[in-house]
Amino acid sequence: MLGYAFMGKAHSNAFKKIAYITWPPPLVPRLVGIAGRNAQAVEEAAARYGYDYATGDWRDLVADERIGLFDNGGPNSLHAEPTIAAAQAGKHVICEKPLGRTADEAYETYKRVDATGVKAMVAFNYRFVPAVRLARQIIESGELGEIFHFRGKYLQEWIIDADFPMVWRLDKDVAGSGALGDLGAHVIDLARYLVGEIETVSGLTATFQPGREVDDAIEAAVAFAGGAVGTIEATRFATGRKNALRWEVNGSRGSIAFDLERLNELQVHLADSSPGESAQGFRTVLVTEADHPFWEHWWPPGHIIGWEHTFVHELHHLLTAIRDDGDVAPHGATLEDGYRAAEVCDAIVRSAGSGTRESVRYRT
Ligand SMILES: NC(=O)c1ccc[n+]([C@@H]2O[C@H](COP(=O)([O-])OP(=O)(O)OC[C@H]3O[C@@H](n4cnc5c(N)ncnc54)[C@H](O)[C@@H]3O)[C@@H](O)[C@H]2O)c1
């Protein structure tokens, strides 16, 4: 594990739960080593999370032959080099999003890891929310008919204060971008996962606090290869919104809508459903039935799960692919998915600069 803070904790928690919650587990994780910068803090993290050892240098993990899976929960500037090095040392890898600070960096990581043949995944964990997986099943079944719209936004409020400390997320060298790569990348990934490839974007970016290096908010109108159009918004300036990842998909026969702050629910409108014209509208589906996605691992209906459990599903998926020598795609985000999301991010920045609609150019 690289990183012991927010994601280091979320991923370690999931590794510890897999063999308890899912049975039989695909593989039983053993927490071997954890790396971070602050010696005392990383020692504490190793003791708290149950790693055999702590180190101040991620290269120790790459050199450790007992380690078969390298989990990169470091800041964005530490995604490429350690992930590539771990894969070249024969370790399977999972890397937090965004895969790169730019599309160039993401492409380089994708190609160099791909060449090693290890299993590799980008940690777009929201694909592993049961309601999101159900939404994909509904869209794939054709029940919504022709898809016209994807409307996605990711709203937080935590850096409005002009005196907010200079954390790495505000440092352009480390983060690459602001709300765009931090939050927008999640919306872009879900847009691609649910509706398909994005072909063009008209974007704008805003930095509200003078002197800040990265964008505080982005807005984009997008066109999908399949004909749908949509909007993508990401901001850390939406007062009152804590972690509001929200999207809606509208098709010719129905619509579905989701809000991460109510992650066990999916709003569903099916135009042709009973009781008919006099009682149309959205209804709330509690996605906790035995036959709902991932629910074989959990509780009786209505005994809801939380945000941290998306990581249990995500890492269970990766361990299953490793055990079976199976594919991470289509439900896990591949490094190509991470790269393609980065191309959309770059196109939003280009469009914001040029003031014109930009094509997204995907390299093969
Ligand atoms: N999938 C999600 O929902 C989600 C949520 C939050 C963050 N993330 C992503 O996860 C990554 C980490 O974010 P976070 O919120 O956990 O950050 P964080 O600041 O909480 O933790 C970063 C960790 O990296 C370590 N670190 C920083 N610089 C280092 C260096 N030079 N060498 C070694 N270790 C170093 C820090 O000590 C810390 O342990 C980011 O890329 C972020 O975009 C994803």
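First listed ligand is number 1; within each ligand, the first listed atom is number 1. Quick caveat, the model's predicted, so the values are computed rather than measured.
Note on residues 147-156: pairs passing side-chain hydrogen bond (donor to acceptor under 3.5 Å, both in side chains), not counting sequence neighbours, are Y126-Y154, R151-E248, R151-N250, Y154-N243, Q156-W158, Q156-N243. Pairs of residues two or more places apart, or lying in two chains, that qualify as salt bridge (charged side-chain N to carboxylate O under 4.0 Å, His left out) and include a residue from residues 35-55 are R30-D52. Applying the side-chain hydrogen bond (donor to acceptor under 3.5 Å, both in side chains) rule to pairs touching residues 286-302 yields W298-H313, sequence neighbours excluded.
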Which protein N or O atoms sit under 3.5 Å from any N or O of ligand 1? Give atom names and distances.
| unit_1 | atom_1 | unit_2 | atom_2 | d |
| --- | --- | --- | --- | --- |
| ligand 1 | 1 (N) | E96 | OE1 | 3.1 |
| ligand 1 | 1 (N) | A123 | O | 3.4 |
| ligand 1 | 1 (N) | N125 | OD1 | 2.8 |
| ligand 1 | 3 (O) | N125 | OD1 | 3.1 |
| ligand 1 | 15 (O) | R169 | NH1 | 3.2 |
| ligand 1 | 15 (O) | R169 | NH2 | 2.9 |
| ligand 1 | 16 (O) | M7 | N | 2.8 |
| ligand 1 | 17 (O) | W168 | NE1 | 3.4 |
| ligand 1 | 19 (O) | W168 | NE1 | 2.8 |
| ligand 1 | 20 (O) | F6 | N | 3.1 |
| ligand 1 | 28 (N) | R37 | NE | 3.2 |
| ligand 1 | 37 (O) | Y4 | OH | 3.4 |
| ligand 1 | 39 (O) | Y4 | N | 2.8 |
| ligand 1 | 39 (O) | A5 | N | 3.3 |
| ligand 1 | 41 (O) | G74 | O | 3.3 |
| ligand 1 | 41 (O) | N76 | OD1 | 2.6 |
| ligand 1 | 41 (O) | H79 | NE2 | 2.9 |
| ligand 1 | 41 (O) | K97 | O | 3.1 |
| ligand 1 | 43 (O) | N76 | OD1 | 3.4 |
| ligand 1 | 43 (O) | K97 | O | 2.8 |
| ligand 1 | 43 (O) | K97 | NZ | 3.1 |

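For D182 and R236, the salt-bridge test passes: some basic side-chain N is under 4.0 Å from an acidic carboxylate O. R241 has no carboxylate O lying under 4.0 Å from a charged side-chain N of E261, or vice versa, which leaves the two without a salt bridge.
Tested against L245, the residues L190, V129, V132, L263 include a single side-chain contact (heavy atoms from CB on, under 4.5 Å) partner, L190.
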